[in-house]
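What follows is a short report on a single structure.
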Amino acid sequence: MLTTGFSLIGVAEEIYQKIEDNFLSTGSPRGLTFVHSSGQSDTVRGMEHLAHTPLLKRIIGSHWGMSPRLEALITNNEIEAFCLPMGQIISMYKAAASGKPGVLSKIGLSTFIDPRLEGGKMNQKSIDSEAEVVQYIKIGEDDFLFYPSLTFDLYIGRGTSADEAGNITMEDECAKLEVMSAVQAVKASGGRVIFQVKRVVKKNSLNPKDVVVPGIFVDEIVICENPYENHRMTSSKYYDPVFSGELREPENRTHKVSELQTKKLIGRRAIMELKGGDVVNLGVGIPGDSVGMIIEEEGMDNQITLSVELGTIGGITVGGNDFGITKNAEAIIDKSQQFDYYNGCGVDVTFMGAAEIDLEGNVNVSKFGHRSPGCGGFIDITQAAKKIVYCSTFTSGGLELDVVDGEIRIIKEGKFNKFVNHVQQISFNGKLASERKQKVIFVTERAVFTLGEKGLELIEIAPGIDLEKDILSKMDFVPIISRTLKIMDASIYSLGRMQLSNFVTR
């Protein structure tokens, strides 16, 4: 079974509910292999309805960070779980749709996706299975990964309107997703295509340019019985014409400046890595929650172009459970095309989160502690980006701080060190990045590091921070310390706007 969606965007919630209800009452269906390119939940709804055994046997996807029950099935070894990069999964759809054997790519090399490391296997149950979802191939002197095409029995998706011939439009959606690639992959496999919609209209009454999926590919239409609850544009909104691009929100540069919270401190320093004209990607977590907000606050959205893996280009991104949404986007393109851009050209700068970082500059976002959230689009984007800015708190697990007279005061230190000797899983390979001459920066609320050939180098510390007490003693390794160690820009820790737009133009 293949489905499309992103958080709660484009998710056929009512169909998911019916599947769960039927399983709980009859024990059917069971033994499903569930394939998805991106996480489809807001911690409660969406693919969380599939979090049952033996309903699920195997899951092949990229992210489960917003699906706690599914993540628990993976962590507790109750289902087979294979994690692949989001963009490569979508490329696998396109390969299957056109009858190709699979996808040959350099994306994923030297990470946990690489079969020479873990082969994308997220738990012991998947290791013990005979299934292989990625292969290592050498062609001449070049290393590649091969992602074999899959076959599918069923596709479940969502549109807005369907006409009597089954043509599907998405006028009330805020993204196109990779719907057509997924549908064609399923039809090429001889499978069935089902769409949840809000309404059915007269045949030939839809503008043909608005049709996202032609009716020749659609087998069944389900009209949502409770659209306000089960056909929401996003987790937080039933419908917002600004998110769909129908209307544009007026600029508001006079609203109150947000307080100096930890995420904002990190975001402020991170944005200093930009220059005018940059095309930027924002990842989930601190980047998605703070960077877009700061760019709007500082009036920088006319100087750089933001993009998100969902397919939006330009505008101002929205964070939290609605990550992926953009206000006043310049363009909303197919998600598969967005990843073609990310994989092939690479953005000028990407801002990403990090769960663990080690001396060699390896980064883990996919499996740590008792969690197995997966990689999402992280590997696709970071392996091709020209510059990577990791945004992370210095420690985790209860960190509390304050800013007093322009200096940081640690009120309560986090329980866990994020700078460790060896990351639990390699989602980003520091050595490979160094070989490729990628510019890599690690920004925290109290310190900034850069990645060089010899590993992490500390280049800045925050005002009020003690090097030994607040930094070195909270790391499992000793980094290289720059001979020109600097104090971070004081404006980061000041109230009011930073006038970052002036900084970026320099």
Side-chain angles (χ1 to χ4, degrees), residues 2 4 35-38 60-63 81-122 126 131-152 177-178 180-182 184-185 188-189 281 283 307 309-311 333-347 350 352 362-363 365-366 374-386 388 425-438 440:
L2 187 163
T4 51
V35 182
H36 62 100
S37 72
S38 47
I60 301 172
S62 73
H63 196 259
F82 299 87
C83 185
L84 297 177
M86 187 185 301
Q88 301 313 297
I89 295 177
I90 297 173
S91 293
M92 291 163 71
Y93 300 164
K94 293 195 287 185
S98 58
K100 295 184 177 70
V103 178
L104 192 66
S105 176
K106 287 183 174 291
I107 299 297
L109 285 169
S110 301
T111 71
F112 77 96
I113 305 297
D114 195 322
R116 295 172 295 176
L117 297 180
E118 299 178 59
K121 299 181 177 184
M122 295 295 283
S126 55
E132 300 289 341
V133 295
V134 59
Q135 302 166 17
Y136 166 75
I137 294 178
K138 197 170 186 70
I139 301 177
E141 297 300 316
D142 289 336
D143 297 325
F144 293 93
L145 295 183
F146 180 70
Y147 298 88
S149 294
L150 302 172
T151 57
F152 306 96
L177 302 171
E178 70 278 18
M180 193 58 182
S181 297
Q184 289 184 301
S189 304
N281 163 266
S307 72
E309 59 211 63
L310 187 59
I333 64 175
D334 189 291
K335 191 165 67 153
S336 69
Q337 296 169 328
Q338 189 82 303
F339 274 98
D340 286 342
Y341 167 56
Y342 287 160
N343 290 166
C345 180
V347 291
T350 183
M352 289 287 182
N362 297 319
V363 177
V365 300
S366 47
C375 61
F378 175 94
I379 296 175
D380 295 280
I381 299 165
T382 57
Q383 286 201 323
K386 299 173 181 67
I388 306 158
Q425 190 169 72
I426 298 177
S427 315
F428 174 82
N429 191 296
K431 182 178 180 180
L432 183 64
S434 294
E435 291 173 356
R436 293 178 173 178
K437 307 298 182 184
Q438 282 181 296
V440 184

Would you say the side chain of [Y] lies within less than 4.5 Å of the side chain of [X], judging by non-hydrogen atoms?
| X | Y | answer |
| --- | --- | --- |
| Leu145 | Lys106 | no |
| Leu432 | Gln438 | no |
| Ser149 | Pro101 | no |
| Phe428 | Ile388 | yes |
| Ile381 | Met352 | yes |
| Ile89 | Met86 | no |
| Gln184 | Ser189 | no |
| His63 | Cys375 | no |

List for me each residue that meets ring-ring contact (aromatic ring centres under 6.0 Å, His included) alongside [X], sequence neighbours excluded, and say none if there are none.
| X | value |
| --- | --- |
| Phe112 | none |
| Phe339 | Tyr342 |
| Phe82 | none |

Restricting to side-chain contact (heavy atoms from CB on, under 4.5 Å), what partner residues turn up for [X], sequence neighbours left out?
| X | answer |
| --- | --- |
| Ile137 | Leu104, Ile139, Phe146 |
| Ser105 | Gln88, Val103, Ile107, Tyr147 |
| Ala81 | Ile59, Ile74, Met122, Asn123 |
| Thr4 | Leu2, Tyr155, Leu177, Glu178, Val179, Ala182 |

Working for side-chain contact (heavy atoms from CB on, under 4.5 Å), residues Leu109 and Phe144: CA-CA 7 Å; Leu109 285 169; Phe144 293 93; 5.8 Å; no
Out of curiosity, Ser91 OG to Asp340 CG, how far, rounded to the nearest 0.5 Å?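 With rounding to 0.5 Å, OG (Ser91) is 6.0 Å from CG (Asp340).
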By side chain to side chain donor-acceptor pair (under 3.5 Å), which residues pair with [X], not counting sequence neighbours?
| X | answer |
| --- | --- |
| Asp114 | Arg116 |
| His36 | Trp64 |
| Thr151 | none |
| Glu118 | Gln425 |

At their closest point, which heavy atom of [X] faces which heavy atom of [Y], and how far apart are they?
| X | Y | answer |
| --- | --- | --- |
| Ala96 | Ala188 | O-CB, 3.5 Å |
| Ile113 | Val134 | O-CG1, 3.3 Å |
| Ile426 | Ser110 | CG2-O, 3.6 Å |
| Leu117 | Thr111 | CD1-O, 3.0 Å |
| Ile90 | Ser37 | CG1-CB, 3.7 Å |
| Gln383 | Gly108 | OE1-N, 2.6 Å |

Would you say the side-chain atoms of Ser38 and Lys335 include a donor-acceptor pair closer than 3.5 Å?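 Looking only at side-chain atoms, Lys335 and Ser38 do form a donor-acceptor pair, the distance falling under 3.5 Å.
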Salt bridge (Lys or Arg N to Asp or Glu O under 4.0 Å) for Lys94 and Asp334? Distances and angles first, verdict last. CA-CA 12 Å; Lys94 293 195 287 185; Asp334 189 291; over 6 Å; no
Do Ser427 and Ser366 pass the side-chain hydrogen bond (donor to acceptor under 3.5 Å, both in side chains) test, and can you show the C-alpha distance, the side-chain angles, and the key distance before you say yes or no? CA-CA 6 Å; Ser427 315; Ser366 47; 2.7 Å; yes
Quick check on Lys386: does its NZ atom have over 12 non-hydrogen neighbours (other residues, nucleotides or ligands) under 6.0 Å away?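 Atom NZ in Lys386 is crowded, with more than 12 foreign heavy atoms closer than 6.0 Å.
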According to the salt bridge (charged side-chain N to carboxylate O under 4.0 Å, His left out) rule, which pairs have a member within residues 131-142, sequence neighbours left out?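 Every pair satisfying salt bridge (charged side-chain N to carboxylate O under 4.0 Å, His left out) with a residue in residues 131-142: Lys121-Glu132, Lys138-Asp143.
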